[in-house]
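Hydrogens, waters and symmetry mates play no part in the numbers below; they use all other heavy atoms, side chains included. The structure presented is a predicted model; accordingly, all values stated were derived computationally and were not measured.
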Number of protein chains: 2
Amino acid sequence: MSEKTRNRSERWHCGARRVCPKCIISNLLTSVFLVEGSGALAQQLTRNSFSMTVGQTLRREGDPFQGLILIRKGVLKTFMISEDGGEQIIDFRFPGELVGLSAMGTGEHMACTIALSAADVCLIRAEDLDDLCNTYPDVRRRLLELTAREVARREHLHQALCGTRAECRLAMALLNIAERLGVATVDHAISFQLPMARVDLAAYLGLTPETTSRQLRRWESHGWLHTRGRDFTIREPDVLHALASRHSSDEEGVHRLARGDSECQWSPDSGLGTDELAVNRR
Amino acid sequence: MSEKTRNRSERWHCGARRVCPKCIISNLLTSVFLVEGSGALAQQLTRNSFSMTVGQTLRREGDPFQGLILIRKGVLKTFMISEDGGEQIIDFRFPGELVGLSAMGTGEHMACTIALSAADVCLIRAEDLDDLCNTYPDVRRRLLELTAREVARREHLHQALCGTRAECRLAMALLNIAERLGVATVDHAISFQLPMARVDLAAYLGLTPETTSRQLRRWESHGWLHTRGRDFTIREPDVLHALASRHSSDEEGVHRLARGDSECQWSPDSGLGTDELAVNRR
DNA sequence: ATATGGGCTTGATTTATATCAAAGAGTCAT
DNA sequence: ATGACTCTTTGATATAAATCAAGCCCATAT
């Protein structure tokens, strides 16, 4: 980076290569709460921003509700500890998403939340949230809407986890993660970095890491997917979608779709694009 | 019933043997939304009350959000249809509970809801809900709180469904149902009428009716439970609680508790009373 | 380079639960 | 009552996924 460019970027001007935290938060707030001109408040919120290192704990079970966390960068997981010491992953949270909605009801968190990667987050304190609601009357409505969407998303998840087999759950999860990461489809393939360890992914889906691994390798042998460590490439999104929407025995459909194995040439939009879990964002 | 009594009851006076629908709704509104004096609105809402027969459909997937349903009497189920035609039960709703929260986000229901028994329900239309929110500022806050609680409840459910075996899920479900029905514990035993068919209960938990049946019979053979058709009696709530909170291998605890089989005499509060799923009510 | 350790894969085996099939019990209508 | 339902139980079998147990890969530290 040239000296000149760096100088410019240090002025934190918005819209450039590097943007100021205030602007990022303002933009996020705007996109999350759908209100314009929350700049002043954003400035205030900037003071509540902080970074997290890998594995750092945001909060534990039983902690009181302090406010919502807006994720600017990084991925978090929230989980409960079962008595045998195992972690039951409740959810992963991605950039642009809010953490802590469920604690608004009781005023107490019932799960632990930690960072899976280096993360930048911003605490919207309960008081500030109230201010925001008062300044912009639509915010409370919007907050209710977001929470309701969360309920809807979890209802879909219920269906996904109860009604389906490992293969199907895993396909759903991968597609959902890719979507929430906001990765683009290039050349009919989706590449992304899996933000969590496989144990976590497995625990989230109610599976063991072994089953997860086997499933992935099977897909790899079909050429539908390629993994190298945490680098994932979904080579055949359509096949994965088909697997994800397959609720029980329907070997037919998938293999009809996958005929020709490694490199197939069906029309790009085969009408199979159900987005099962993709309900939490607008 | 004597002529005199009937006359009295026909005057619908509150607090007596029979109470007027308006008062019930008013009381429900008060207890649900935690506001006093919603009598006037209750009167308006009474006009939106109606009864449902067994199996009657309240709404289908894709129907637009009209408003919230407050259940006065009866039990409803909401479910999605998977492509193989099977029903995936998302949830059961009991008297005093609201139906439709999840549709507030998208404005569209993504599941079908039908009555499992004869039911009396009351539609709180979206517009009336807005009125209510404007008249009583706390109502919107309360509504948000209720929705957040719903998220929390579903998060617990995720843990329950993912991390546990059939036995555990079933124990949880029965205890949860008993609690939501509001049945009392008499003589250290809990009796209630199961509001749904076993297929439904099984589908809710991601099990088959066969597994459910076998599990129940096993408990019956231990004397922990008695069923006759839909009449359930939990004879040993403590044992069931222990089973429900047991997330993996812990044969120990349960059998320590159940020593003596049919009729045991441990102290009533053995510290095992976790209320896993009991998060939705206050 | 060589060790060390965590996460991932792989194989052999077990187990819980689904599936298939059929018989019993309860309920309703004729 | 009798038959025609639906719902539930029960048994035999199949299967998906868990468990147990190494071994492998890769990154980091020595």
May I ask you to check whether A/Phe232 and A/His226 place their ring centers less than 6.0 Å from one another? no
Can you tell me which nucleotide in [options] comes closest to the side chain of [X]?
X: B/Glu210; options: D/dA21, D/dT8, C/dA21; result: C/dA21
X: A/Thr208; options: D/dA17, D/dA18, D/dC7; result: D/dA18
X: B/Ser213; options: D/dT9, C/dC8, D/dT19; result: D/dT9
X: A/Leu207; options: D/dA18, D/dA16, D/dA21; result: D/dA18
X: B/Arg228; options: C/dG26, D/dT8, C/dT17; result: C/dG26

State whether the side chain of B/Gln56 and the backbone N or O of B/Thr53 hold a donor-acceptor pair below 3.5 Å, judged by distance alone. yes
What integer distance in Å separates B/Asp231:CG from C/dG26:P? 11 Å
For atom CZ of A/Arg165 and atom C1' of D/dA18, their distance in whole Å: 16 Å
Pick base, sugar-phosphate or nothing for B/Leu216, based on heavy-atom distances below 4.0 Å to the nucleic acid. nothing
Salt-bridged, B/Glu150 to A/Arg153, with N to O below 4.0 Å? no
Ion pair check, B/Arg198 and B/Asp200, cut-off under 4.0 Å: no
Pick the nucleotide of DNA chain D nearest each of B/Arg214 and B/Leu194; which residue has the one closer to the 5' end? B/Leu194
Is the base of C/dT17 touched by the side chain of B/Arg169 through a donor-acceptor pair closer than 3.5 angstrom? no
Any donor-acceptor pair under 3.5 Å between the side chain of B/Arg230 and the base of C/dG26? no
Does OP1 or OP2 of D/dT8 have a side-chain N or O of B/Arg198 closer than 4.0 Å? yes
